[in-house]
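Below is one structure; the comments refer to it alone.
Not measured: the values here are computed from a predicted model. The basis for the numbers below is simple: all heavy atoms, side chains too, and nothing from hydrogens, waters or symmetry mates. Chain letters run A, B, ... following the sequence lines, proteins first, then strands; residues in each count from 1.
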2 protein chains.
Amino acid sequence: MRLSRFYLPTLKETPGDAQIASHRFMLRAGMIRQQAAGIYAWLPLGLRVLRKIEAIVREEQDRAGAVEMLMPTIQPANLWQESGRYDAYGPEMLRIEDRSGREMLYGPTNEEMITEIVRAGTRSYKQLPLMLYHVQWKFRDELRPRFGVMRGREFLMKDTYSFDLTPEDARRSYLKMFVAYLRTFERMGVRAVPVRADPGPIGGDLSHEFVLLTENGESEVFLHKGLADLPAPGVDTDFGGDLEPLFAERTSLYARTDEMHDEGLWAEVGEADRTTLKGIEVGHIFYFGNKYSEPMGAKVQGPDGQEHEIEMGSYGIGVSRLVGAIIEAHNDEAGPIWPVPVAPFHCGVVNLKAGDAEADAACEALVAELEGQGVEVLYDDTGDRAGEKFARMDLIGLPYAVTVGPRGLKEGKVEVKTRATGEKQEVALADAASMIAERVRDALAVR
Amino acid sequence: MRLSRFYLPTLKETPGDAQIASHRFMLRAGMIRQQAAGIYAWLPLGLRVLRKIEAIVREEQDRAGAVEMLMPTIQPANLWQESGRYDAYGPEMLRIEDRSGREMLYGPTNEEMITEIVRAGTRSYKQLPLMLYHVQWKFRDELRPRFGVMRGREFLMKDTYSFDLTPEDARRSYLKMFVAYLRTFERMGVRAVPVRADPGPIGGDLSHEFVLLTENGESEVFLHKGLADLPAPGVDTDFGGDLEPLFAERTSLYARTDEMHDEGLWAEVGEADRTTLKGIEVGHIFYFGNKYSEPMGAKVQGPDGQEHEIEMGSYGIGVSRLVGAIIEAHNDEAGPIWPVPVAPFHCGVVNLKAGDAEADAACEALVAELEGQGVEVLYDDTGDRAGEKFARMDLIGLPYAVTVGPRGLKEGKVEVKTRATGEKQEVALADAASMIAERVRDALAVR
């Protein structure tokens, strides 16, 4: 993509109301633009990151056996009256009246709707287990939206719902999502630890938040160090097999946010194994049994010929929130430092003498070679000053940047900068594309 | 995809309120489920078609030089007060008040918002020409939503906006979209003809509707036959070159809907060249100059050092509507007949003896071979009766279906049915995958 044909309205000044790094950088790097409190337009650079995150989420949902669908943003109130949540839900629910005076709402979540859908289309236990998910915009009318996309009002979420005949089957579905979530975040180049969450009135151990560890998290996390060191289960994990050992390995290690912290249990963790960090919640999974199937009458016939209320769970990932959260985990003074799998482009190419025939030809050939090898390139072909170009590349945080200048070209050399380390290497122009392509491929490999 | 793990709640009965084929079949084939009047959930099968259409729309937008972004669904009223449309817009606008009493709305279109965004990020004519698009859910509070997704209230639309310094440049942007639209619909396996539309107060010839010709269209189209026969410009079209000849070739042939029909001009068309058909509007493009840039003060500095109001155009495609429109163009009594590029899966595999070790193994090997060759497969591994399985395959309309039965297997044969023609062929099991894969690849080739 040529920068001259892209739309990248970067800002020199830091907007006054942006308090945290991700909010500041997303505004400054031209990733988003605020349209109202907590409501953002995703400019081309920001959208590319959002789409990468979505794609990884989808791949791992599909791998775990969930099937994608899409529910609308606007819901009729009557569904929520059936579950009893319409009156219970607070002012965060955006309530709407249509032109005919019918009560509607902008969905903050979809338990009711998916229960209605599965109730209508499922008769027999033979149709279970079933996991359905969608990636859709939701609305929560926060009183004080802040921190940019981290606590917006209109936000993109992936939510999965599981449907099973028995609590034991529901546990299996829960464990599939538990593993899928570990893999999902790891593939984005961050590690999110599963933290025991409040299971609500159902009790049990089937409620976890996934917390991304950062310096500027919203909550404090008390953690057994071993948990942060455990890599996610590999791509060869058999989702049809027994996932209990993987689950036990992780849930046996203490991990709680301040809300659920238990000083007694914490004291049992060896002092050398304890660590206290900040974290950002990026996912939440829980099992809730017949909480919706009972009031809404969602039943299947079991092998015993009797009707059974369907056992359900729900599993959310904050897709738009993750864009901000990943920046919180990976940035420096100059801007975000994108992990390759979620970077808006893998590589920048900076032409120091745009308009010069030789420099243009060298850059264009390099871009074509990179793209031919599967590397996504943002090619700075503008007439801006060199200093501006370098600062912009750092601000948008692409993993690699190749600088092509007339002096280097005379010797057939270009400079390759690795954003994460700041390291700069002089490389033969002929070798640059292959070198970068190999690193990109390696970073994108699904393990 | 195994059908036993998919979610495909087909209906035997035709829902009473579905008047047209696409609405009936989308409900019966388990593609959508109504949640409120004109508001649908997209079940897995329907979503797959929607995503295919979206992907083609994106590819052709990108090819024409448009850049993708994403605007939110909820907009603040003040943007529409700036343009003067807030009071002018009728009751189709879904007006919302948030918890703080601020006036908001669910966007029916995005001219105001995109003008605000480009106004903020563009200073100089050097940043133009610029074309930005997004694919987003919109809401129009129709008094009588009907015909399923063809006239829903919440609908998915692709809208592009062009920004240019001069009317001449704006015309070039318009022509790019004109060509992109011809290609977009053609790639979906349908032909949409550009029909001269009401340009509004600006006048000129730069307003066209794209009308898909069907038996059950909503409007009557008076057409020079030659236009329906013209194929779309090829993939080698140079969008940076002169598109006027392509434009002239098509716009010189008479094409009007009843609204804009001109009996005088119609009489000039030779009788043998005249045809009158039904059509469904699937796209609309128009140039509107400074209609929004003037009241909203969206200006750039020109090469003359003066400020110029930006020349704009907008270009819409009804993405969710197209799912219904394509069915209207391609169906028979049994169900839709999907063109390969938008089919939910390319091929079905029907196991006539699921549970039988030999039949299962043959089917699984065939599915693996098809998928390995890039064919998307829905594998009916259920225990349903053969008649049910065949009827379901016809109802969901996959381009190809392979039936694997114990009798054929003894001779190493399977039956391949082509949905569009109804033709059934006995084929050696060893050859089936390659034969189908070759046809699918050919149908997907971008020309």
**Message:** What's the separation between atom CZ in B/Arg33 and atom CE in A/Met69, rounded to the nearest 0.5 Å?
**Reply:** 10.5 Å
**Request:** Quickly, which of B/Arg153, B/Gln35, B/Glu154 forms a side-chain contact (heavy atoms from CB on, under 4.5 Å) with A/Ile74? Name it, please.
**Result:** B/Glu154
**Selection from B/Ser100, B/Pro76, B/Pro72, B/Gly65 maximising heavy-atom pairs under 4.5 Å formed with chain A** = B/Pro72
**Message:** Please classify the contact of A/Met104 with chain B as side chain, backbone, both or neither, using a heavy-atom distance under 4.5 Å.
**Reply:** side chain
**Fill in**
Ranking B/Leu45, B/Asp141, B/Ile32 by heavy-atom pairs under 4.5 Å to chain A gives rank one to B/Asp141
**Request:** Select, from A/Pro91, A/Gly30, A/Ser4, A/Gly46, the one with the greatest count of heavy-atom pairs under 4.5 Å involving chain B.
**Result:** A/Pro91
**Asked** Side chain, backbone, both or neither: which part of A/Phe6 has an atom under 4.5 Å from a heavy atom of chain B?
**Response** both
**Item:** Options B/Ala41, B/Gly383, B/Pro9, B/Pro129, ranked by heavy-atom pairs under 4.5 Å with chain A, top entry
**Value:** B/Ala41
**Asked** Do B/Ile96 and A/Tyr106 come within less than 4.5 Å of each other through their side chains, counting heavy atoms only?
**Response** no
**Request:** Please look at B/Arg123 and chain A and tell me whether the side chain, the backbone, both or neither of the residue comes under 4.5 angstrom of a heavy atom of that chain.
**Result:** neither
**When B/Leu156, B/Leu70, B/Leu50, B/Leu8 are compared by non-hydrogen pairs under 4.5 Å with chain A, the top option** = B/Leu70
**Item:** Top contributor to chain A interface from B/Glu97, B/Gln136, B/Arg48, B/Met113 [non-hydrogen pairs under 4.5 Å]
**Value:** B/Met113
**Asked** Quick one: of B/Thr73, B/Leu130, B/Leu94, B/Leu43, who has the most non-hydrogen atom pairs under 4.5 Å with chain A?
**Response** B/Thr73
**Message:** Just so I know, are the side chains of A/Arg99 and B/Leu143 near enough to count as touching, which here means a heavy-atom distance under 4.5 Å?
**Reply:** yes
**Prompt:** How long is the gap from CD1 on B/Ile39 to CE on A/Met71, to the nearest 0.5 Å?
**Reply:** 14.0 Å
**Message:** Looking at every heavy atom in both B/Gly121 and A/Tyr7, which two are closest together, and how far apart are they?
**Reply:** CA-OH, 3.4 Å
